[in-house]
Amino acid sequence: MPKNSKVTQREQSNDHVTESVADLLAHEEPFDCKNSSLNVGGAPGKKVPQIEVPENDGRPTWNSKLQYILAQVGFSVGLGNVWRFPYLCQKNGGGAYLVPYFILLLIIGIPLFFLELAVGQKIRRGSIGVWNYVCPSLGGIGMSSLMVCGFVGLYYNVIIGWSIFYFFQSFQYPLPWSECPIRRNGSLAIVEPECEKSSATTYFWYRQTLNTTSTIADSGGLNVKMTLSLLVAWIIVCLAVIKGIASSGKVMYFSSLFPYLVLFCFLIRGLMLKGSVDGIAHMFTPKLEKMLEPKVWREAATQVFFALGLGFGGVIAFSSYNKIDNNCHFDAVLVSFINFFTSILATLVVFAVLGFKANIMNEKCIAENTEKILGYLNSSVLSYDLIPPHLNFSQLSTSDYAEVYGVIKTVKEDGFAQLGLDPCLLEDELNKSVQGTGLAFIAFTEAMTHFPWSPFWSVMFFFMLINLGLGSMIGTMTGITTPVLDTYKVNRELFTVCCCVVAFFCGLLFVQRSGNYYVTMFDDYSAGLPLTVVVILENVSVAWIYGTKRFMQDLEDMLGFRPCIIYFYLWKYVSPICLILLISATVIEMAIIPPGYNAWVQELAEERFQSYPPWALTMCFSLIVVAMLPLPIVFIARRFNLMSDGSNKLSVSYRKSMMKDISNLEEQDESRFILGAKPGEAPPTAPAGRPYLTPAGNKTLDPNSLSPNICYGTSYQNPAVSPTTPTTPITPATPESDS
């Protein structure tokens, strides 16, 4: 026994200890070994020596708090902050959308994010181990979370592959998507018809990058360029996570910080462009009537939900590598607000650039329609008397064109439609909603072609997308590898490589010529509903089965302070109700809106909505069923004792350290050091539920704490108890009444 051990110090203590060996070892807190709140004797309010277990149980830990925060930020801040949040702002009332988003961030996002951080840090296991601890019957939560991570990782890395392709294509001037290709037929040169009907950036995306087919039923074979890009993406991800947090933590220093550098550079450059202020003003002009629409609140809740990465298991996995006394409440608030302000920053950048693009397109529209008007004037279709004398047709401003357009529309009221003139309103250009790949690979790339030094900005932009995607992929892969490695003792490097290889071959589905449609399918169906169900079960298992009061007490023991009482009501009532409403709205939307996808029709050079064929529809709903299947299977299997509760695969390193202390105790007279009685005297029987002492005062012994052997109604240390010592059996955890 070490000289400074608190057990050894008990030798000099005159405090009378009333607990038996069995009591002490049956109620230990396995993960708060150094600062355990279990107090086994002494006067109320007096600090009593405790058994000290080495804090280092063999589990890796973060090198620094900064590294951990950057990992959480890198996981939560992803591509959705750049191409989903700005679109939702524009669609749902501009600045008015920020109000419901911020409210829901406070009442759903931060509390649930805090909950996941806390259980991961307390139990120090991945998603499977955590929910086996809290409630074995709902152990399928961790498995469903792992399934969703797998589905999302498959298609998310394809998007990184697309970004890698564009990144390498950006090292040329002019950019390859700046102009339509010329088709030559002998001495005749014509512009590619598909490109002429759409635009250069749209053509480059659909034809030269994806070479997409017109329907999901036509696979078209593998796209070699995209296959190689996907291979490079998986090699990068594999190298980043192969050593666990030892490798991914170092990568996060760059992948989490570099996007902020690029966003600030784009913001400064964007504000210097003509029309950028128009875009930002349009973005933040609030349409307050939108706040009354339920759909706006539902989409805000969904964005909050996915922006923080709730339910994926990455949050729990990252926090499980923390020290037990880390202030995870501060982390939850900090990361949530960093995520929110990153979304605001990305929205400013996007609409500054789109405002510039809208001005370019509006000037182009005015120039084209001015040519039409001059043609009508020269052919006497229109009279010169209609044109105000102060106008110069060689340089028509937006207001001048609007004046001419209004005059012609008033005079030629009957035949105005035949003239084919466009109003060329800047507002119309700004209202063209784009999101996802349409924003990143079409609208934004088109705007960058008008930048000075456009290849430089293009390289920076797509390198930023690669890093944003890499941070999220590291968290997703950690959400897969951590629970598996915690449960099954396999070689980390070998398992990680096998995961990446299998994922690459499964990902070939997305690099067919029709692969873009499968990305849309997986994005719509593999994560949305299953993750919402996972998170509400997480919430219910902690707040209603384990017990909110008990969880708050665990947090106080772990953090050293009691979190605000508002969390009690948010976890207990508000979050479950909001999540139930979100699930209901999602199911209703899926029932009302016909499942389908936007297919690129080559002949028309435009997107057209198409319904999924029966086999694809079956595939859509199979993704939902497969992701949620572990929930009922594990529940039924454990209900009828067909499956182990997983306790034998948890806290292995902890049990080893405890058994080492027990073996040391057996070499000495236990009664002398622990019982505080004469050698050979039998310890008194400990009545069930007897009060014990903690630094906070007298408390009733809690049979449902997060101690592993209490969760499962077993004791790892029973062999150390004398067979003549009477013990009180410990019953499994039951739902707590918080009334």
Side-chain angles (χ1 to χ4, degrees), residues 31-35 53-78 81 110 113-127 130 236-237 239-264 308-309 312-342 464 467-479 481-483 485-486 492-493 496 555 558-561 563 653-654:
F31 297 107
D32 197 359
C33 302
K34 190 174 182 179
N35 302 309
V53 181
E55 184 175 315
N56 184 8
D57 61 354
R59 189 174 187 79
T61 56
W62 298 101
N63 290 336
S64 66
K65 182 66 173 282
L66 175 62
Q67 189 181 75
Y68 165 67
I69 293 296
L70 290 178
Q72 291 286 13
V73 168
F75 177 51
S76 65
V77 175
N81 296 75
I110 293 178
F113 192 58
F114 179 28
L115 184 146
E116 289 201 356
L117 290 179
V119 295
Q121 181 174 307
K122 174 71 176 176
I123 302 174
R124 294 176 63 79
R125 288 294 178 269
S127 56
V130 160
I236 294 173
V237 170
L239 293 175
V241 300
I242 194 167
K243 295 290 185 181
I245 63 171
S247 56
S248 62
K250 294 179 176 63
V251 173
M252 286 295 186
Y253 280 114
F254 182 81
S255 65
S256 295
L257 295 175
F258 179 75
Y260 289 97
L261 173 65
V262 176
L263 285 174
F264 278 112
L308 295 175
F312 281 94
V315 173
I316 293 176
F318 280 151
S319 66
S320 72
Y321 297 111
N322 268 330
K323 295 180 180 179
I324 189 66
D325 58 352
N326 174 64
N327 188 348
C328 56
H329 177 258
F330 171 80
D331 300 341
V333 176
L334 177 65
V335 174
S336 298
F337 278 103
I338 288 176
N339 188 291
F340 176 65
F341 289 119
T342 303
M464 178 190 73
N467 281 276
L468 284 173
L470 180 60
S472 297
M473 272 303 298
I474 288 174
T476 302
M477 288 297 294
T478 305
T481 58
T482 296
L485 293 173
D486 286 343
R492 176 184 294 275
E493 290 81 1
T496 302
L555 289 175
M558 184 170 67
L559 303 177
F561 64 91
S653 57
Y654 170 72

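Bear in mind that the values here come from a model prediction, so they are computed numbers and not experimental data.
- Among the candidates Ile242, Val241, Leu485, the single residue satisfying the side-chain contact (heavy atoms from CB on, under 4.5 Å) test with Arg492 is Leu485.
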Practice prompt. Dump the intermediate steps for side chain to side chain contact (heavy atoms under 4.5 Å, CB included) on Val119 and Lys122, then the final yes or no.
Written response: CA-CA 5 Å; Val119 295; Lys122 174 71 176 176; 5.8 Å; no
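- Note that the SG atom of Cys328 and the CG atom of Leu115 stand 10.0 Å from one another [nearest 0.5 Å].
- At most 12 non-hydrogen atoms from other residues, nucleotides or ligands lie less than 6.0 angstrom from CZ of Phe330.
- Between Leu334 and Ile338 the shortest side-chain heavy-atom distance falls below 4.5 Å.
- For Ser319 (side chain) and Ile316 (main-chain N/O), a donor-acceptor pair under 3.5 Å exists by modelled atom type.
- The side-chain heavy atoms of Phe75 and Val335, taken from C-beta on, include no pair separated by under 4.5 Å.
- Rounding to the nearest 0.5 angstrom, the gap separating the CG atom in Asn339 from the CG atom in Leu308 is 5.0 Å.
- Gly120 and Val130 make their closest contact through CA-CG2, 4.2 Å (heavy atoms, listed as atom of the first residue, atom of the second, distance).
- For the pair Thr482 (side chain) and Gly479 (backbone), a donor-acceptor distance under 3.5 Å is absent.
- Counting heavy atoms from C-beta on, the side chains of Gln72 and Phe113 come closer than 4.5 Å.
- Listed here is the closest heavy atom pair of Ser127 and Gly313: CB-CA, 4.3 Å.
- Taken to the nearest 0.5 Å, the CG atom of Asp331 stands 4.0 Å off from the NZ atom of Lys65.
- Thr61 contributes atom OG1, which lies 13.0 Å from atom CD1 of Ile324 (distance to the nearest 0.5 angstrom).
- Relative orientation of the Tyr68 and Trp62 rings is tilted, given thresholds of 30° and 60° on the angle between their planes.
- Taken from CD1 in Ile69 to CE in Met252, the straight-line distance is 12.5 Å, to the nearest 0.5 Å.
- Annotation: the span from Met473 atom CE to Thr478 atom OG1 amounts to 9.5 Å, rounded to 0.5 Å.
- Looking at heavy atoms from C-beta onward, Phe318 lies in side-chain contact with Ile474 at the 4.5 angstrom threshold.
- Proximity of Ser256 to Val77: side-chain heavy atoms (C-beta onward) are nowhere separated by under 4.5 Å.
- Across Gln121, Arg59, Arg124, Arg125, a single residue satisfies side chain to side chain donor-acceptor pair (under 3.5 Å) together with Ser320, and that is Arg59.
- Within 6.0 Å of OH on Tyr253 lie more than 12 heavy atoms contributed by other residues, nucleotides or ligands.
- Scanning both residues, Phe254 and Pro259, for their nearest heavy atoms gives O-CD, 4.2 Å.
- Not one N or O on the side chain of Asn81 forms a donor-acceptor pair closer than 3.5 Å with the backbone of Thr342.
- The backbone N or O of Phe258 lies less than 3.5 Å from no partner atom in the side chain of Asn467, so there is not a single donor-acceptor pair.
- Asp486 approaches Gly126 most closely through the heavy-atom pair OD2-N, 2.8 Å.
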